[in-house]
Amino acid sequence: MSWLLRGALSLLRGLAGPAWRSFQESLDDPAAAQERTLRRLLARSARSRFGQSQGLAGAAPETAFERLQPTDYASLRALIESDIATGSHHFSPERPRLYERTSGSGGPAKYIPYDTAMRAAFDRMFRIWAYDLLQSGLRLHSGRAFMSVSPPLLGQRRAGGGVPLGVALDTDYLATHVGLLLRPFLAVPARVLALSGADDFKDVVVAHLLAASDLEVVSVWNPTYWLVLLEHASRHLARLTGELRAGEIGRAGLRFRFRPLAAQRIGRVACAAEQGWHTVWPHLALISCWTDAEAAGPAAGLGRLFPRVWVQGKGLLATEAAITVPIVGAPAPVPLVDDVYLELLQPDGRLLPLAQWRLGDQGELVVTQAGGFLRYRMHDQVVVAGFFRATPCLRFQGRSGGVVDLVGEKLSEELVRSALQGLRTDHRLLALCPVASADPPFYALFCDAPTPHMADAVDAFLYCSPHYRVARELHQLAPIRLVARPGLLKDWQQAMAGAGIAEGNVKATSLVVNRELAARLWAALTQRSA
């Protein structure tokens, strides 16, 4: 272990230890922790224009809060877009530091304001996670890490007043001194974020990763992202070999330097598909990624590719809030009870606060967070999978509210409906169906009256959604595949009947959101066309 890593780990333990210990204490009495958190969040919101409009500045903010109905981005969009245009701030008593971009359910994108309190919540989550790993036996010798939230393929703009739209660096989520502490150990330099082309980006990232023979930690959102990078390294090794040997690569007018690869190491990469990727990164100790719902299959694949590596599931970490954190020994990720106030929305409309959750309880997550969103619907379906200390732990089950999310693309029925309405076709059946079993997964467009290039037209429309565009650019999603023939509607109805849905109950839909039904439809309709 180098003196630099030894010093960095000592500083990290000193910075993260207090947050971890405070969190552990709160887990012994989560009801009290949530009560404190709600009081603090409401007091802060009461100083904002939005909180004041919701009655939180009065003598009984808790009573005003109890009267609030769950909301979503659609009801907040006008205020947020006004803030972006004018440089104002409705949701926080202070000006946002940035707006992070994510996919909107019914439009091109949504922007989440990040003020100091929001950033502090994400920073605290990272400290708790990092300290818990170190406390639980993660042994680092180089500290070399690849940490990625999302590729910079969407460009950056600025809101009114110069506030950035989109995160420039992954470490922007963290306190400045924590980000500086990590920077010397990152395998990929921040300058890759200046690359806007997907292939250029992957070329440069892969070159730096292959040069990092001492890589020990990989942290990504979706496991398919890491799998895409591995596939890119294998497929384009011959093309990149000259640059890998030279230790220098140039793309889009930028030049990047790294440790030159010897012929022996390039040979290991060439044989990785047969001999295993552990020969390329023999010191890799941890892969942190999503492991639940649609990510379960790809995560299991990573486990097979790296049998000696610890694949740890991430907690619920959304653009809108850091919600849970993985803790070693917990049955599922643990709620961040000191940073977000959590409720479960039940089918009958009741809201269950965390203190009332029991084993097996299910529902849609509703969060009140540091950025000023009150009773905000996440459209994430979760289940209480157990308890850690006295705190219920949550496992992600999938998206609710008509959203499909195979690799992070977050397609909604509303967005797909808008895409399909732009097609000029005299159809009786027109629906998009996710095919999760394929590698890479894709969406099938079922149509009984096709027109030329209709799949391309739908794909082009969906590119307006940031997460869909990134997934397609990185080849985490394959292109939309058209399934069209006369009589397809009859076959569709028969497949529905085979799934137990009576013909009179088959509803017109633009997007098949049920995973089991989608798999059944794909199998039935493609077998008939074979």
*Asks:* Between E231 and K202, does any side-chain N to carboxylate O distance fall below 4.0 Å?
*Replies:*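 Salt bridge absent between E231 and K202.
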*Asks:* What orientation do F91 and F373 show, parallel under 30°, tilted 30 to 60°, or perpendicular over 60°?
*Replies:*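 F91 and F373: perpendicular rings.
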*Asks:* Measure up the Y225 and F146 rings against each other and bin them: parallel (under 30°), tilted (30 to 60°), perpendicular (over 60°).
*Replies:*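 If you compare the ring of Y225 with that of F146, the planes turn out tilted.
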*Asks:* Side chains of C289 and T291: does their closest heavy-atom pair fall under 4.5 Å?
*Replies:*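 Yes, their side chains come closer than 4.5 Å.
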*Asks:* Between Q52 and G55, is there a donor-acceptor pair closer than 3.5 Å when you use the side chain of the first and the backbone of the second?
*Replies:*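 Absent.
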*Asks:* Can you name the nearest heavy-atom pair linking L134 to L138, along with the distance?
*Replies:*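 Closest approach of L134 to L138, heavy atoms only: CD2-O, 4.0 Å.
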*Asks:* Please report the shortest heavy-atom distance between A332 and C393, naming the atom on each side.
*Replies:*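 Where A332 meets C393 most closely, the heavy atoms are O-CB, 3.4 Å.
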*Asks:* For the pair I287 and F306, evaluate side-chain contact (heavy atoms from CB on, under 4.5 Å) and give the outcome as yes or no after the intermediate values.
*Replies:* CA-CA 9 Å; I287 298 176; F306 297 92; 3.9 Å; yes
*Asks:* Can a donor-acceptor pair be found between the side chains of E94 and T116 at a distance below 3.5 Å?
*Replies:*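 T116 and E94 do have a side-chain donor-acceptor pair below 3.5 Å.
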*Asks:* Please check this pair: side chain of Q34 against backbone of V340, looking for a donor-acceptor N/O pair closer than 3.5 Å.
*Replies:*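 Checked: pair present.
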*Asks:* Quickly, which of H89, R95, R44 forms a side-chain hydrogen bond (donor to acceptor under 3.5 Å, both in side chains) with D115? Name it, please.
*Replies:*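 Running side-chain hydrogen bond (donor to acceptor under 3.5 Å, both in side chains) over H89, R95, R44 with D115 returns exactly one hit, R44.
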*Asks:* Answer yes or no: is there a donor N or O on one side and an acceptor on the other, between the side chain of S82 and the main chain of A78, under 3.5 Å?
*Replies:*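 Pair absent, no side-chain N/O of S82 close to backbone of A78.
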*Asks:* Are V404 and Y443 packed together at the side-chain level, in the sense that at least one heavy-atom pair is separated by less than 4.5 angstrom?
*Replies:*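 Contact flag for V404/Y443 side chains = yes.
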*Asks:* Less than 4.5 Å apart, any side-chain heavy atom of I480 and any of L462?
*Replies:*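 SC-SC contact between I480 and L462 confirmed.
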*Asks:* Under a 4.0 Å threshold between the charged nitrogen and the carboxylate oxygen, would R469 count as salt-bridged to E409?
*Replies:*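 No.
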*Asks:* Please tell me if the side chains of L181 and L15 come closer than 4.5 Å, counting only heavy atoms from C-beta onward.
*Replies:*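 Result yes, sub-4.5 Å side-chain heavy-atom pair found.
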*Asks:* Salt bridge or not between R21 and E25? Use side-chain N to carboxylate O under 4.0 Å.
*Replies:*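 Salt bridge between R21 and E25, a charged N being under 4.0 Å from a carboxylate O: no.
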*Asks:* Run Q476 and T224 through side chain to side chain donor-acceptor pair (under 3.5 Å) and show every step you take.
*Replies:* CA-CA 6 Å; Q476 290 173 284; T224 60; 2.8 Å; yes
*Asks:* Taking everything shown except R97 itself, do over 12 heavy atoms lie less than 6.0 Å from its CZ?
*Replies:*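 Open.
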*Asks:* Side chains of E473 and Y468 only: does a donor on one sit below 3.5 Å from an acceptor on the other?
*Replies:*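 No pair is found: no donor N or O on one side chain lies under 3.5 Å from an acceptor on the other.
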*Asks:* Can you tell me how the ring of F65 sits relative to the ring of Y341, calling it parallel under 30°, perpendicular over 60° and tilted otherwise?
*Replies:*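 The rings of F65 and Y341 stand perpendicular, inter-plane angle above 60°.
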*Asks:* Which atom pair, heavy atoms only, marks the closest approach of V204 to H208?
*Replies:*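 Reported closest heavy-atom pair: O-ND1, 2.9 Å.
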*Asks:* Look at the side chain of S45 and the backbone N and O of L42, then say whether any donor-acceptor pair between them is shorter than 3.5 Å.
*Replies:*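 Pair absent, no side-chain N/O of S45 close to backbone of L42.
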*Asks:* If every non-hydrogen atom of P333 is compared with every non-hydrogen atom of T324, which pair is closest and at what distance?
*Replies:*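 Scanning both residues, the minimum pair turns out to be CB-OG1, 3.3 Å.
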*Asks:* Is there side-chain contact between I323 and L342, with at least one heavy-atom pair below 4.5 Å?
*Replies:*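 Yes, close enough: below the 4.5 Å cut-off.
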*Asks:* Tell me whether R127 is salt-bridged to D123, with the criterion being a basic N under 4.0 Å from an acidic carboxylate O.
*Replies:*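 Between D123 and R127 there is a salt bridge, with a charged N closer than 4.0 Å to a carboxylate O.
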*Asks:* Do L354 and E343 pass the side-chain contact (heavy atoms from CB on, under 4.5 Å) test, and can you show the C-alpha distance, the side-chain angles, and the key distance before you say yes or no?
*Replies:* CA-CA 6 Å; L354 182 148; E343 298 169 286; over 6 Å; no
*Asks:* Under a 4.5 Å cut-off applied to non-hydrogen side-chain atoms, are L336 and R124 in contact?
*Replies:*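 Side chain of L336 against side chain of R124, heavy atoms only: no contact under 4.5 Å found.
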*Asks:* Using 30° and 60° as the class boundaries, would you call the ring planes of W20 and Y131 parallel, tilted or perpendicular?
*Replies:*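 Rings of W20 and Y131: tilted, as their planes differ by 30° to 60°.
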*Asks:* Is it true that H232 and D203 share a donor-acceptor pair across their side chains at a distance under 3.5 Å?
*Replies:*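 A pair is found: one side chain offers a donor N or O, the other an acceptor, under 3.5 Å apart.
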*Asks:* Please test L406 against L411 for side-chain contact (heavy atoms from CB on, under 4.5 Å), starting from the C-alpha separation and ending with a verdict.
*Replies:* CA-CA 9 Å; L406 298 177; L411 284 190; over 6 Å; no
*Asks:* Determine yes or no for a side-chain-to-main-chain donor-acceptor pair under 3.5 angstrom, with Y73 supplying the side chain and Y111 the backbone.
*Replies:*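 Present.
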*Asks:* Under the criterion side-chain contact (heavy atoms from CB on, under 4.5 Å), I'd like the reasoning laid out for V217 against S288: C-alpha separation, chi angles, the key distance, then a yes or no.
*Replies:* CA-CA 8 Å; V217 174; S288 170; over 6 Å; no
*Asks:* Indicate yes or no for a side-chain donor-acceptor contact from S22 to the backbone of A19 under 3.5 Å, with no hydrogens or angles considered.
*Replies:*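 Pair absent, no side-chain N/O of S22 close to backbone of A19.
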*Asks:* Check whether any side-chain N or O of E216 sits under 3.5 Å from a backbone N or O of S142 as a donor-acceptor pair, and report yes or no.
*Replies:*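 Pair found, side chain donor or acceptor close to backbone of S142.
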*Asks:* How about L286 and V309: do any of their side-chain heavy atoms sit closer than 4.5 Å?
*Replies:*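 No. Closest side-chain heavy atoms not under 4.5 Å.
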*Asks:* Is there a donor-acceptor pair closer than 3.5 Å between any side-chain N or O of N222 and the backbone N or O of V407?
*Replies:*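 Checking the backbone N and O of V407 against the side chain of N222, a donor-acceptor pair under 3.5 Å is found.
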*Asks:* What pair of heavy atoms forms the shortest contact from F185 to G143, and how long is it?
*Replies:*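 Minimum heavy-atom contact is CB-O, 3.2 Å.
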*Asks:* If we check side-chain hydrogen bond (donor to acceptor under 3.5 Å, both in side chains) with S26, which of these qualifies: D338, D339, T37?
*Replies:*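 For S26, the side-chain hydrogen bond (donor to acceptor under 3.5 Å, both in side chains) check succeeds only for D338.
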*Asks:* Which pair of heavy atoms, one from P335 and one from L27, lies closest together, and at what distance?
*Replies:*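 Here P335 and L27 meet closest at O-CD2, 4.3 Å.
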*Asks:* With the side chain counted from C-beta on, respond yes when F23 and I327 share a heavy-atom pair under 4.5 Å apart, and no when they do not.
*Replies:*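 Yes. Closest side-chain heavy atoms under 4.5 Å.
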